[in-house]
Amino acid sequence: MALLSLVDIRKSFGGLSAVDDVSFSVNEGEIAGLIGPNGAGKTTLFNIVTSIYPPSGGRVLFRSEDIAGRKPHDVTRKGIGRTFQNIRLFPKMTARENVMVGRHAGSRAGIWRSVLRTGTQRAEEGRIREKTDELLAFMGLAGYEESPAGKMPYGHQRRLEIARALAAEPRLLLLDEPAAGMNESETREIHRLILAIRALGVTVLLIEHDMSLVMNVCDRLVVLNFGRKIAEGTPEEIRGNPQVIEAYLGKEEEDGGDA
């Protein structure tokens, strides 16, 4: 069953078409990959799904409801979480505080209860703290609860951002290059964590340039080039697709042509 469906999505910036009539679905419970060369429109699509950008045309259906153009915080509360290509943590806040920020996105305690420190608010703060520490442990960050985020190792910061996105209990998690800048062992850990996140019941859509990770963790791939979808299928189907090979490697020059 489709959890997310993009229908004829278009996005233009001035006269430049960044996304051109892209349609695909992400089924509940799967790990889907969105791949393509730099500038293909992948992050633009993520920004449209999370309402950072409104689409120029088309529909964004999440659980059959069109959420295109909603406020970003409304999209979070609907059940979509995300990370960013460039890490966006609060560097002076602790790891625990960063994750609690994400947890507060789904908090039932209103602003006045937070200001007045009512019994209900204090009880919820305790539950949020407990859940936060569980998430940090799940992401392999136990022991870093009081560490300033900006002083944590790079790979830990990547995992911390994923923990913060999970704190809002999303149904769909968008990961934008989760293995970027990581070494081989850190990438293997990200692979394990993505599978573990799916085991929690969270559907995953990821952008990633590490083809080994993509081919081994994804159930299905969607390939973009110059803002258009050029292929969709299983990793095995995509691996030998001539259009995909051309998009990544360029069209080979014919032998014997004029200089």
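Scanning both residues, N225 and P37, for their nearest heavy atoms gives OD1-CG, 3.6 Å. Closest non-hydrogen pair, A168 versus G102, comes out as CB-O, 3.6 Å. Residue A165 comes nearest to T83 through the heavy atom pair CB-CG2, 4.2 Å, listed as atom of the first residue, atom of the second, then distance. Of all heavy-atom pairs between I238 and A231, the closest is CD1-CB, 3.8 Å. Closest heavy-atom contact between D210 and T187: OD2-CG2, 3.6 Å.
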Exercise for review: Might you work through the salt bridge (Lys or Arg N to Asp or Glu O under 4.0 Å) test for E189 and R192, ending with a clear yes or no?
Suggested key: CA-CA 5 Å; E189 178 64 8; R192 185 193 69 78; 2.7 Å; yes
**Study point:** Worked verdict on E186 versus R158 for salt bridge (Lys or Arg N to Asp or Glu O under 4.0 Å)
**Key:** CA-CA 10 Å; E186 289 171 331; R158 280 279 178 197; over 6 Å; no
Practice item. Give the intermediate values and the outcome of salt bridge (Lys or Arg N to Asp or Glu O under 4.0 Å) for residues E30 and R198. Key: CA-CA 7 Å; E30 78 175 344; R198 193 252 297 274; over 6 Å; no
Exercise for review: Take K131 and I128 through the side chain to side chain contact (heavy atoms under 4.5 Å, CB included) test and state the conclusion after the steps.
Suggested key: CA-CA 5 Å; K131 182 64 176 179; I128 288 173; 5.8 Å; no
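Contact of the R96 side chain with the Y144 side chain is not registered, since no non-hydrogen atoms from C-beta on lie closer than 4.5 Å. Side-chain atoms of H209 and N38, non-hydrogen and from C-beta on, do get closer than 4.5 Å to each other. Considering only heavy atoms from C-beta on, L224 comes within 4.5 Å of L45 through its side chain. Residues F90 and R164 have side chains in contact (heavy-atom distance under 4.5 Å, counting atoms from C-beta outward). Under the 4.5 Å side-chain criterion, counting only non-hydrogen atoms from C-beta, L4 is in contact with V60. Using a 4.5 Å heavy-atom threshold, the side chains of I162 and I190 count as touching. Between M139 and L160 there is no side-chain heavy-atom pair separated by less than 4.5 Å. Counting heavy atoms from C-beta outward, K78 and R63 have side chains that stay 4.5 Å or more apart.
In this structure, the separation between SG on C218 and CD1 on I194 is 7.5 Å, given to the nearest 0.5 Å. Considering CG of L141 and CG of D133, their distance stands at 11.0 Å, rounded to 0.5 Å. The distance from the CG atom of D74 to the CD1 atom of I67 is 10.0 Å, given to the nearest 0.5 Å. Between the CE atom of M182 and the OH atom of Y154 there is a distance of 6.0 Å, given to the nearest 0.5 Å. Between the OG atom of S56 and the CZ atom of R10 there is a distance of 6.5 Å, given to the nearest 0.5 Å. For the atom pair CG (L175) and CD (E208), the distance works out to 9.0 Å, reported to the nearest 0.5 Å.
The salt bridge (charged side-chain N to carboxylate O under 4.0 Å, His left out) test with R220 is passed by exactly one of E236, E232, E237: E232.
Side-chain contact check for T50 and R82: at least one donor-acceptor pair (N or O, by modelled atom type) lies under 3.5 Å. Residues N183 and S185 have side chains that bring a donor and an acceptor to within less than 3.5 angstrom of each other. For the residue pair T203 / N27, no side-chain donor-acceptor distance below 3.5 Å is found, with atom types taken as modelled. Under the 3.5 Å distance criterion, with hydrogens and angles disregarded, no donor-acceptor pair is assigned to the side chains of H191 and R188.
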Under 3.5 Å, which donor-acceptor pairs do the side chains of residues 12-24 form with other protein atoms, sequence neighbours left out?
residue : atom : partner : partner atom : Å
D20     : OD2  : R228    : NH1          : 2.6
S23     : OG   : D8      : N            : 2.7
S23     : OG   : D8      : OD1          : 3.2

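A continuous path of hydrophobic side-chain contacts links V222 to V26 [ILVMFWY only; heavy atoms under 4.5 Å]. Under a hydrophobic clustering in which Ile, Leu, Val, Met, Phe, Trp and Tyr are joined whenever their side-chain heavy atoms come within less than 4.5 Å, directly or via other members, L213 and V244 fall into different clusters. Cluster membership check: Y53 shares its hydrophobic cluster with V75, using side-chain heavy-atom separations under 4.5 Å among Ile, Leu, Val, Met, Phe, Trp and Tyr.
In this structure, F62 places its CZ atom where more than 12 heavy-atom neighbours from other residues, nucleotides or ligands lie under 6.0 Å away. In F226, the CZ atom is not crowded: 12 or fewer heavy atoms of neighbouring residues, nucleotides or ligands sit closer than 6.0 Å. The local environment of CD in E65 is crowded, with over 12 non-hydrogen atoms from other residues, nucleotides or ligands closer than 6.0 Å. Heavy-atom neighbours of R129 CZ from other residues, nucleotides or ligands within 6.0 Å: at or below the threshold of 12.
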